[in-house]
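Data block below; observations after.
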Amino acid sequence: PPDKKKFYYAFNEKIYMDEIANQFVVKFKDKKKADNHLQSLLTEIADSKKIQSHGETTIFIDASDGKSLDQLLAGKMADVENIVPVYRYQKMMMYYTNEILVEPKPGLTISEVISKNNLGAYTKIKEGKFFSVVTVASGYDACDIANQVQESGLVVYSYPNFYAPIEKTEYIPNDTYFSNQFYLKNT
């Protein structure tokens with residue numbers, strides 16, 4: 001039932017996601033430790049496509065065959081900031097770490113929103129011009145916190161800072177004059 005599935009809000013509508021079995025995103029506390037553990041994980045898993053670096057401290061792990069996540073991260077947990085399953089919405093694979101994006105309603109500050117939701121001890125705020133990035137403390141799920149903030153009614157939006165793989169495709173239209181339109185393919 002949808003009640004048990006993970007969801008986030010988009011335009012005040014619940015968007016339900018399906019968890020992908022045995023796929024995880026691991027965020028390490030710093031870049032150096034992430035780099036060291038990435039190299040270690042690459043030697044433990046034969047298929048290098050099952051381990052991918054995303055950003056400076058985040059690693060995608062596909063543990064669908066062979067060792068479990070616990071086995072792969074044995075001895076590394078002290079360096080882990082958080083672990084989140086990978087989700088699918090329709091055909092798109094998506095994941096988040098420990099950040100949420102929040103835009104308070106006019107007249108409110110992000111600090112007021114966090115305070116009114118009793119989240120001050122569990123978050124770190126980086127204010128931006130159009131929205132704020134709120135980092136959720138280790139042990140808390142960013143999606144659950146984002147939903148709590150959204151349900152408070154104090155924000156325009158609040159959702160996890162999603163990542164999704166980008167699939168590059170090259171499509172050249174069946175247009176006789178395409179090659180003459182240099183501005184359409186600027187490579």
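Positions are given from 1 along the sequence. All values reported here derive from a predicted model rather than from experimental measurement.
- Rounding to the nearest 0.5 Å gives a distance of 8.0 Å between OG1 of T58 and CD of E99.
- Annotation for L72 and K76: closest pair O-NZ, 3.1 Å, computed over non-hydrogen atoms.
- With contacts defined as side-chain heavy-atom distances shorter than 4.5 Å, the pair E127/I125 qualifies.
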Problem set entry | Step-by-step side-chain contact (heavy atoms from CB on, under 4.5 Å) determination, L69 to I83 | CA-CA 10 Å; L69 185 67; I83 301 171; 3.8 Å; yes
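- Taking a 4.5 Å side-chain heavy-atom cut-off between Ile, Leu, Val, Met, Phe, Trp and Tyr, the cluster of F162 extends to Y8, I15, M17, V84, Y87, Y89, M92, M94, Y96, L101, F130, F131, V133, V156, Y157, Y159.
- Residue M77 is grouped with residue L38 when hydrophobic side chains (ILVMFWY) are merged at heavy-atom distances under 4.5 angstrom, including chains of intermediate members.
- When all heavy atoms of C143 and P160 are compared, the pair lying nearest together is CA-CG, 3.6 Å.
- To the nearest 0.5 Å, atom CE of residue M93 and atom OH of residue Y95 are 6.5 Å apart.
- For F24 against V86, the heavy-atom pair with the smallest separation is N-CG2, 3.7 Å.
- The minimum heavy-atom distance between S158 and V155, with the atom names listed, is CB-CG2, 4.0 Å.
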Exercise. T135 and T123: side-chain contact (heavy atoms from CB on, under 4.5 Å), yes or no, with the steps?
Worked result: CA-CA 5 Å; T135 304; T123 58; over 6 Å; no
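- No side-chain donor-acceptor contact under 3.5 Å links N117 to the backbone of L119.
- Between E19 and K5, every side-chain heavy-atom pair lies at or beyond the 4.5 Å cut-off.
- Among all heavy-atom pairs drawn from A34 and I59, the shortest one is O-CD1, 3.7 Å.
- A donor-acceptor contact shorter than 3.5 Å links the side chain of S138 to the backbone of E81.
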For this session: Assess whether side-chain contact (heavy atoms from CB on, under 4.5 Å) is satisfied between F60 and D62, documenting all intermediate values.
Result: CA-CA 7 Å; F60 165 80; D62 182 343; 4.1 Å; yes
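- In this structure the side chain of K32 never reaches within 4.5 angstrom of the side chain of E56, judged on heavy atoms.
- Between K31 atom NZ and T57 atom OG1 the span is 9.5 Å, to the nearest 0.5 Å.
- Across every non-hydrogen atom of L108 and P104, the tightest pair is O-CB, 3.6 Å.
- Of the possible polar contacts, none joining the S115 side chain to the E112 backbone as a donor-acceptor pair under 3.5 Å is found.
- Taken to the nearest 0.5 Å, the OH atom of Y140 stands 13.5 Å off from the CG atom of N98.
- Using a 4.5 Å heavy-atom cutoff, the side chains of I110 and V134 are in contact.
- Cluster membership for L41 and V80, using ILVMFWY side-chain heavy atoms within less than 4.5 angstrom, is shared.
- Without hydrogens or angle criteria, N82 side chain to T97 main chain gives a donor-acceptor distance under 3.5 Å.
- Here the straight-line distance linking atom NZ of K124 with atom OG of S132 works out to 13.5 Å at 0.5 Å rounding.
- Using a distance-only test at 3.5 Å, with no hydrogens or angles considered, no donor-acceptor pair links the side chain of K33 to the main chain of K29.
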For this session: Tell me, with the steps shown, if N161 and I100 meet side-chain contact (heavy atoms from CB on, under 4.5 Å).
Result: CA-CA 5 Å; N161 189 7; I100 62 175; over 6 Å; no
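- For the pair H37/D79, a side-chain contact is recorded, criterion being any heavy-atom separation below 4.5 Å from C-beta on.
- We find the OG-CG distance between S40 and D35 to be 12.5 Å, quoted to the nearest 0.5 Å.
- Residue pairs meeting the side-chain hydrogen bond (donor to acceptor under 3.5 Å, both in side chains) criterion with at least one partner in residues 142-151, sequence neighbours excluded, are K6-D144, Y9-E151, N12-Q150.
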